[in-house]
K.L.:
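Can you keep this structure in mind? I'll have questions shortly.
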Amino acid sequence: MLAVQIRSGLVETTHEGAFAAVNSARELVAHSGDIDLPFFLRSSAKPFQAFVAQEFGAGLAPVELALACASHDGFPAHVAIVDAMLAKAGLDESHLQCPPLWPLSLKARDLLVGRGATAPRRIWHDCSGKHAGWLRACVAAGLPTDSYLNPDHPIQVRVAALVSELGDYPVEPRGIDGCGAPVLRTTVRAMARMYAALAVDDRFQDVFSAMHRYPALVSGVGNGDAAVATALDGAAKRGALGCIGVGIRNQLGVATKSFDGNDRVAALAAASGLDQVLNLSETVSHSLAVASSVTVFGGGEEVGALESRLELSPL
């Protein structure tokens, strides 16, 4: 539950959602809400999709691996790295099959418009790094690049198998994500298991390190997942429609989902849940709370803020 503090009084609004935390053995240690209700993983799958690209020989350097895990803001640094990822494999933007899109960040879009841009591009899509990683893998493994988004493509088959294995939950039936890639089914319980593996399993050390080291490449500035990777020894990735996964190195996997699709609610719940499970210091707790805070405006003025009322059920 979240509360909205209004200057004229306290108004309670309930956001249906779920939270789960599992330990290094992937055993549930705390939870709230329906942690077994299915939803689509969306971009929270990217760390594992990027890992598969590396398995197939993409050979991504740390900053490139961060972009393969990213829902990037579309600033020049993001775009330049994606462009270099493609060029190293003899490819260019035309090989990307994500749709043309303006950058996620309005500041990045304003920058481009100020420089004369008049139409969206594929490389500005927030998922272009993931697509570039897959294309690099295709070239390295001698696989077709024109069908890399097909659910039957070897890379997508491996992604589905890996995510099913890590979450101990079948990802079928798959859908189609906003970027055109197969989108995978999960639950909060399964997602927490996946992020525990990200934080504990040596196979994922390179992915975890890239995400923790370069949160501004993975996410941008001011997002909840970037705040977690900055404040804690962890890696985090948000997904569209209100989900976020967190891995705390050698300790914990956490997942939250706002079932009304509110991204900020999910980030706020993740920060609150981490605070409760890890008994964070006042400084770190405050840092996460500030980064995840949501101001409420009315009539052009600040009239309140969302505050966490997350209540966990420990095991």
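The model shown is predicted, which means the values in this text are computed figures rather than measured ones.
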K.L.:
So which of Phe208, Phe56, Trp134, Phe204 actually passes ring pair (Phe, Tyr, Trp, His ring centres under 6.0 Å) with Phe51?
P.N.:
Phe204
K.L.:
Is it the case that Lys257 and Thr187 place a side-chain donor and acceptor less than 3.5 Å from each other?
P.N.:
no
K.L.:
Enter the distance from Ser272:OG to Leu268:CG here, rounded to the nearest 0.5 Å.
P.N.:
7.0 Å
K.L.:
Could you give the distance from CG (Leu135) to CG (Leu91), rounded to the nearest 0.5 Å?
P.N.:
6.0 Å
K.L.:
Looking at side-chain heavy atoms only, is the closest gap between Leu41 and Met194 below 4.5 Å?
P.N.:
yes
K.L.:
Kindly write out the residues that satisfy side-chain contact (heavy atoms from CB on, under 4.5 Å) with Pro151, not counting sequence neighbours, or none if the list is empty.
P.N.:
Arg174, Pro182
K.L.:
Is there any ring pair (Phe, Tyr, Trp, His ring centres under 6.0 Å) pair reaching into residues 160-195, and which pairs are they, with sequence neighbours excluded?
P.N.:
Phe48-Tyr195
K.L.:
At what distance, to the nearest 0.5 angstrom, does CG of Leu37 lie from CD of Glu16?
P.N.:
10.0 Å
K.L.:
Would the distance check show the side chain of His212 and the main-chain N or O of Gly234 forming a donor-acceptor pair, the cut-off being under 3.5 Å?
P.N.:
yes
K.L.:
Quick one: list whatever passes salt bridge (charged side-chain N to carboxylate O under 4.0 Å, His left out) with Arg185, sequence neighbours left out.
P.N.:
none
K.L.:
Step through the shown structure and confirm whether more than 12 heavy atoms of other residues, nucleotides or ligands are within 6.0 Å of CD on Glu282.
P.N.:
no
K.L.:
For Ser219 and Arg238, does a side-chain donor sit closer than 3.5 Å to a side-chain acceptor?
P.N.:
yes
K.L.:
Would you say Ser128 and His72 are linked by a side-chain donor-acceptor pair, where the criterion is simply a distance under 3.5 Å?
P.N.:
yes
